[in-house]
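Note: hydrogens, waters and symmetry copies are ignored here, and every other heavy atom, side chains too, is used. One-based numbering, in listed order, for ligands and for the atoms of each. This one's a predicted model, so the numbers in the text were calculated from it and none came from an experiment.
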Amino acid sequence: MTIDTQVKELTDGFHLVIDALKLNGISNIYGLPGIPITDLTRMLQAEGMRVISFRHEQNAGNAAAIAGFMTGKPGICLTVSAPGFLNGLTALANATTNCFPMILISGSSEREIVDLQQGDYEEMDQLAIAKPLCKAAFRVLNAEDIGVGIARAIRSAVSGRPGGVYLDLPAKLFGQAMDAAAGKASLIKVVDPAPRQIPAPDAVKRALDLLKDAKKPLILLGKGAAYAQADADIRALVEKSGIPYLPMSMAKGLLPDTHEQSASAARSFVLPEADVVLLIGARLNWLLSQGKGKTWGGKDHKAWGGQKFIQIDISPTEADSNVRIEAPLVGDIGSCVAALLAGMGSNWAKPPIEWTSAVAERKNKNVAKMAETLAKNPTPMNYHSSLSVVRDIIKANPDAMLVNEGANALDFTRSIVDMYKPRKRLDVGTWGVMGIGMGFAVAAAVESGQPVIAIEGDSAFGFSGMEVETICRYNLPVCVVIMNNNGVYRGDEVNVTGGSDPSPLVFVKGARYEKLMEAFGGVGVLATTPAELRHAMEEAIKSRRPTLINAVIDEGAGTESGRITSLNPTSAAKKK
Ligand code: ADP
Ligand code: TPW
Ligand code: MG
């Protein structure tokens, strides 16, 4: 026997982390290298995983989060310790808020030094800081526990209500060696990570009874419905029931926005009028005026409008969070919708014609009004004339992904640009957070392989703009369109003191954002007319080259806070 054959084959923390991720079908890592994870990023790539390296961790984190939304598998963000970890934390908190499954993996410094606060390199008690901002947080100290740590992180991210998970991997763990066979045996391939949750039959009956008696029923589809990937059954439920529906922003396209039952263009009519509302994966949060108040026909801003709610949600504590839920239906959306469909039987009566025709009438009137506005061609361009181009481009390319952030740039895009397929519209979500743009765009391209169109307010773009280098480096088919009005909401504000500083809400006038893309070898275009914008977007889709179009629009076209003006506190001084 030679000495060689006596030597046991070894593995280490680095390889166990990589093997555990691969074993669980994870193939893309969004991150930013440095101590102590530099070698991990190299090894991940060497082992055949795709490593997308960003310029700031927040953008990597946003990419991971939206990859989770698109695929139903946890998106992985990898960062260095303290500052890198903190940069990723905003995205982790945002993912949790939006119910997107993601895992933030951060390297950390030596526990012994951190716990005694002896001043290690990038010292921070990361686990404690992450805990209140995510669904679950774990730390792995021993190589033989890596399999369990990653399994628990995956289950926590995707089971029940999805969300963000923090996984703390101290520097020392990566170098720990162990017997390769024992290491392999310690890894866990997670079986059924997001188990179906079947609704109780009596809860299904309660919901159907309520729906059956409704005179003016309405269905609300939220991003939970988009996430659930139960597209065919959701469409069947809407169509079989004959009930008008409203998609929330990221549920647009679950059924094509041009569907005859879509009540989007009659939103302010159907919300106060409806008598029974079926919520599918949508929370009654601020985006739905907390389910009460004038939006819902209530007498004042807090009064209940009289609607009876049925709520499908995987979280049993979501019901009654704002108003009474008559019929909570707790379970996964696929199972709940299938149960409703089965319970409706073959002779389900569609809603009264008075209701559906009143909705259609209101809708047709508003659609006609919008068509008139879109047909105008003012100089300079405004939101309508430029977004009417984007509307045509998405219609011609329904598989393209649409990323969207800003205030007016967000609200106008949401209402003007129709979506035709599920999970194609990715935006600022529950928090209305700025900065998701380029991270989402990168992940949208990487995960789908489809062209990506990012419609960005000029302010919004600034939060993640440096990632145009990342887009160029990976040669991603991303077309960024900046709705450039020289500022936050508008570009025409002045400093009321008459001083030399500009207003806090405006930017450099005539900024040439397109040159940013050119700096890294991409295509930059200055567009001042809808025709120029159309040509540049068509070229970008055709060529799949990284493109940034600086769409110059009227700096006075926007309104403060876009559509959510009512949430601005009014100054007592101003009121007087
Ligand atoms: P929107 O902003 O579009 O209204 P929300 O983020 O407020 O949507 O609501 C999404 C809801 O969907 C959350 O309450 C979440 O618990 C729920 N949800 C997410 N995935 C599923 C699923 N697979 N089954 C059931 N409910 C889900
Ligand atoms: C992380 C507050 C909401 S919208 C917005 C800001 C700064 C920018 C609006 O200007 P933009 O769009 O993008 O040019 P437009 O078309 O109206 O001119 N910081 C964070 N999130 C939010 N939401 C803000 C600040 C905000
Ligand atoms: Mg702007």
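For atom 16 (O) of ligand 2, the closest non-hydrogen atom of the protein is Y383 OH, 2.7 Å. Counting protein heavy atoms only, atom 19 (C) of ligand 1 is closest to G224 CA, 3.8 Å. Nearest to atom 7 (O) of ligand 1 among the protein's heavy atoms is R283 NE, 2.9 Å. In this structure, the protein non-hydrogen atom closest to atom 20 (N) of ligand 1 is Y227 CD2, 3.6 Å. G281 O, 3.1 Å is the protein heavy atom nearest to atom 10 (C) of ligand 1. Here the protein heavy atom with the shortest distance to atom 13 (O) of ligand 2 is A460 N, 2.9 Å. Here the heavy atom of the protein found nearest to atom 14 (O) of ligand 2 is D458 OD1, 2.6 Å. The shortest contact between atom 26 (N) of ligand 1 and any protein heavy atom is with I314 N, 3.1 Å. Closest protein heavy atom to atom 24 (N) of ligand 1: I333 N, 2.9 Å. What sits closest to atom 23 (N) of ligand 1 on the protein, heavy atoms only, is A228 CB, 3.8 Å. The shortest contact between atom 25 (C) of ligand 2 and any protein heavy atom is with F463 CZ, 4.1 Å. Closest to atom 12 (O) of ligand 2 among all protein heavy atoms lies A407 N, 3.3 Å. Scanning the protein heavy atoms around atom 22 (C) of ligand 2, the nearest turns out to be M434 CG, 3.6 Å. Nearest protein neighbour of atom 8 (C) of ligand 2, counting heavy atoms only, is S459 OG, 3.3 Å.
Pairing each heavy atom of I310 with each of A207, the nearest pair is CD1-O, 3.4 Å. Residues F507 and G487 approach most closely at CD1-CA, 3.6 Å, considering heavy atoms.
Counted by atom type alone, Y383 and N485 present one or more donor-acceptor pairs between their side chains at under 3.5 Å. One side chain, N404 or R425, offers a donor N or O that lies under 3.5 Å from an acceptor on the other. No side-chain donor from either of K294 and S289 sits under 3.5 Å from a side-chain acceptor of the other. N550 and N484 share a side-chain donor-acceptor pair at under 3.5 Å. For the residue pair K292 and N322, no side-chain donor N or O sits within less than 3.5 Å of a side-chain acceptor on the partner. Between the side chains of N382 and S385, at least one donor N or O lies within less than 3.5 Å of an accepting N or O.
Looking at N62, T79, T90, N87 one by one, the single match for side chain to side chain donor-acceptor pair (under 3.5 Å) with E57 turns out to be N87.
The G331 neighbourhood of ligand 1 comprises atoms 24 (N), 25 (C), with distances under 4.0 Å to a heavy atom of that residue. Atoms of ligand 1 found under 4.0 Å from any heavy atom of N285, numbered from 1 in the order shown, are 7 (O). The distance from ligand 1 to the heavy atoms of M248 drops below 4.0 Å at these ligand atoms: 3 (O), 4 (O). The atoms of ligand 1 that sit less than 4.0 Å from any heavy atom of G222 are 3 (O). The C99 neighbourhood of ligand 1 comprises atoms 13 (C), 15 (C), with distances under 4.0 Å to a heavy atom of that residue. Shown in contact with N408 at under 4.0 Å from a heavy atom are these atoms of ligand 2, numbered in order with element: 15 (P), 16 (O), 17 (O). Every atom of ligand 1 is numbered from 1 in the order shown, and the set under 4.0 Å from a heavy atom of R161 is 13 (C), 14 (O), 15 (C), 16 (O).
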- Task: Given side chain to side chain contact (heavy atoms under 4.5 Å, CB included), test I154 with I26 step by step and report yes or no.
- Result: CA-CA 10 Å; I154 291 172; I26 289 164; 4.2 Å; yes

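Considering backbone and side-chain atoms alike, Y489 places an N or O below 3.5 Å from some N or O of ligand 2. Any N or O atom pair closer than 3.5 Å counts here, and D313 shares at least one such pair with ligand 1.
Within a 6.0 Å radius of NZ in K308, other residues, nucleotides and ligands contribute 12 heavy atoms or fewer. Dense packing is recorded around CZ of R161, with more than 12 heavy atoms of other residues, nucleotides or ligands lying under 6.0 Å away. In this structure, K205 places its NZ atom where only 12 or fewer heavy-atom neighbours from other residues, nucleotides or ligands lie under 6.0 Å away.
Ion pair D231/K421 not flagged as a salt bridge, since none of the NZ, NE, NH1 or NH2 atoms sits closer than 4.0 Å to an Asp/Glu carboxylate oxygen. Using a 4.0 Å cut-off between a side-chain N of Lys or Arg and a carboxylate O of Asp or Glu, R534 and D392 qualify as a salt bridge.
G487 counts as a contact of ligand 2, since one of its heavy atoms falls under 4.0 Å from the ligand. Taking a 4.0 Å cut-off on heavy atoms, W431 fails to register as neighbouring ligand 2. Using a 4.0 Å cutoff on heavy atoms, F412 does not count as a contact of ligand 2. Not a single heavy atom of G435 sits less than 4.0 Å from an atom of ligand 2.
Of the options G432, S561, G558, A409, the smallest heavy-atom separation from atom 23 (N) of ligand 2 is shown by G432. Comparing K223, Q197, K252, E318 against atom 2 (O) of ligand 1, the shortest heavy-atom distance belongs to K223.
Between the Mg ion (ligand 3) and A409 there is no N/O/S contact shorter than 2.8 Å.
Judged by distance alone, with hydrogens and angles left aside, the side-chain atoms of K424 form no donor-acceptor pair with the main-chain N or O of M419 at under 3.5 Å. Put simply, the side chain of T96 gets close to the backbone of L92: a donor and an acceptor are under 3.5 Å apart.
Within D458, OD1 is the N, O or S atom that lies nearest to the Mg ion (ligand 3).
Around the Mg ion (ligand 3), the angle linking G487 (O) with N485 (OD1) is 90°, rounded to 10 degrees.
Within 4.0 Å of atom 6 (C) of ligand 2, at least one protein heavy atom is present.
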